[in-house]
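Structure first, commentary second.
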Amino acid sequence: AARLTLVGLAVAALVTGAGALVVHTTVASAASAGVEDEGANCAVPALPDAGSLPTSAKLPDPFKKLDGSRITAKSDWTCQRELIKKLSEKFVYGEKPAKPQSVTGTVSRTSITVNVSNAGKSSSFSASVDAPSGNGPFPAVVVLGGFGADTAAIKAAGAAVINYDPYAVGKEGTPRTNKQGAFYSIYGANSPTGLLMAWAWGVSRIIDVLEQSGGTVLRGDATGVTGCSRFGKGAFVIGAFDQRIQLTMPIESGSGGVPIFRGIPGEGAQSLSSAYGEQPWLGDAFGSFTGSPARLPVDTHEMVAMVAPRGLFIMDNPHIVNLGPKSASVAALGGAEVYRALGAGDNITYWSDIQNGTHCANRPEWSAPLQQNIQKYLIKTGNSPGSFHISSKAAGNLAEWRDWTTPTLSGSTSSPSTSISPSTSPSTSTSPST
Ligand code: MCU
């Protein structure tokens with residue numbers, strides 16, 4: 001009941017013929033104290049220009065502000081995250097516009113429709129829903145692209161699957177000057193925002209509709225996201241950029257996804273210029289960094305940190321060097337330092353200790369942690385601590401990549417919508433893989 005105080009509700013109390021008090025709420029799952037970006041009102045100082053960025057082979061310090069000082073309190077994280085968000089938008093992914101003027105839609109057991117309009121332009125898209133048997137409301141996991149994610153395990157854990165077609169929102173196969181899809185119908189075919197962020201915008205609009213629907217079929221306050229390969233890149237960016245997403249689960253995301261940009265050339269993963277050129281996944285501005293990632297003022301350990309303290313379960317494949325699994329482990333370890341500093345070290349899991357090397361295969365090793373993560377962050381019954389299972393075939397060493405230490409931040413976080421578990425380091429098991 002306390003949760004109902006979080007959102008402005010339209011509540012009508014009626015006395016029925018039998019004299020019982022019936023309370024109707026227009027936002028039944030008003031538990032969704034959902035805020036897409038809790039730092040939206042932070043005063044972020046002017047960002048540097050691309051031309052004036054220093055070169056640094058090491059990972060940027062996620063605790064360092066633009067003026068060179070470091071944050072000291074957990075409550076500083078909201079605005080530090082906002083700085084990282086703005087830098088990531090400017091130099092990596094392109095801007096994610098705030099919620100459009102109008103978002104409407106419908107939610108049923110079998111489908112979701114989304115209608116958006118902004119500044120005189122409109123577009124719409126839909127997604128099919130695959131709910132478990134029984135009565136809802138169900139938490140839901142948005143699955144991008146329909147492969148690589150263990151949808152049977154998701155449903156067995158008690159969550160519905162929202163089958164999201166990213167291409168409806170941002171198509172592949174177009175030149176950067178003529179981007180297409182529901183996002184670009186509104187923000188323009190030559191918007192510099194890349195497909196990953198367009199896909200992220202689309203999922204945020206689905207969550208808007210879930211929140212508005214009253215949460216009677218699908219809950220508006222319990223959303224996860226997953227996808228494999230290019231859709232793993234998408235899942236990562238989607239979860240990083242919407243704080244209403246309680247559980248982010250990228251699978252084998254490769255270059256442009258979880259792996260640190262700085263590590264990709266040395267590891268021999270898909271080159272940044274290849275990933276940038278293959279599809280307009282990354283923002284147009286990333287084009288001037290493909291040959292010099294050491295100039296980037298952010299790296300992906302900070303996108304990992306943007307997810308903190310929310311649930312994050314990174315699945316990766318140590319058998320395919322092209323995916324950059326070593327660089328992905330460094331991103332996870334680096335981002336985990338922020339989780340730890342926030343007292344949420346238990347909320348991140350990284351798992352690359354797997355047998356089958358086939359890209360986006362169904363993997364028995366991941367089904368138990370997948371279900372535990374869904375129970376913990378979406379159903380909110382479980383409490384399994386996160387853990388690191390890094391294959392020795394692709395184990396990065398964070399110490400080689402950083403010249404900063406992890407501060408002890410004072411106080412508690414300013415993020416009431418997510419529970420923070422006690423400060424613990426993620427338990428690490430590095431086991432050999434065959
Ligand atoms: C790992 O994700 C991508 C990869 O970046 C591309 O180079 C390749 O063409 O496709 C992969 C993928 O999405 O596979 C399904």
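Order of listing sets the numbers, starting from 1, for every ligand and every atom in it. Only heavy atoms go into these numbers, but all of them, side chains included; no hydrogens, no water, no symmetry mates.
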| query | Quick one: does ligand 1 sit under 4.0 Å from the side chain of N322, the backbone, both or neither, non-hydrogen atoms only? | reply | neither
| request: Quick one: look at S274 and ligand 1, take heavy-atom pairs under 4.0 Å, and tell me if it's side chain, backbone, both or neither. | output: neither
For [X], counting its heavy atoms only, list the atoms of ligand 1 lying under 4.0 Å from any of them.
X	result
S253	1 (C)
L323	1 (C)
K233	1 (C), 2 (O), 3 (C), 4 (C), 5 (O)

| said: Taking W199's backbone N and O only, do any of them form a donor-acceptor pair with Y164's side chain (distance below 3.5 Å, no angle check)? | reply: yes
| task | Without swapping roles, check the side chain of D316 against the backbone of E252 for a donor-acceptor pair under 3.5 Å. | result | no
| task | Please round to the nearest 0.5 Å and tell me the distance separating atom CG of D221 and atom CG of L378. | result | 9.5 Å
| said: Distance check, rounded to the nearest 0.5 Å: K171 atom NZ versus N178 atom CG? | reply: 10.5 Å
| Does even one non-hydrogen atom of C228 get within less than 4.0 Å of ligand 1? | no
| query | Is there any salt bridge (Lys or Arg N to Asp or Glu O under 4.0 Å) pair reaching into residues 182-209, and which pairs are they, with sequence neighbours excluded? | reply | E36-R205, R205-D208, D208-R244
| So, is S255 polar-close to ligand 1, with some N/O to N/O distance under 3.5 Å? | no
| task | Give every residue pair that meets the side-chain hydrogen bond (donor to acceptor under 3.5 Å, both in side chains) criterion with at least one member in residues 148-157, sequence neighbours excluded. | result | D130-K155
| request: Can you spot which of F91, Y93, F261 makes a ring pair (Phe, Tyr, Trp, His ring centres under 6.0 Å) with F286? | output: F261
| note | Note: heavy atom closest to atom 5 (O) of ligand 1, options E278, Q270, H359, belongs to Q270
| message | Checking a contact table here: which protein heavy atom is nearest atom 1 (C) of ligand 1, and how many Å away? | response | S229 OG, 3.0 Å
| field | Closest protein heavy atom to atom 10 (O) of ligand 1, given as residue, atom name and distance to 0.1 Å | value | R230 NH2, 2.8 Å
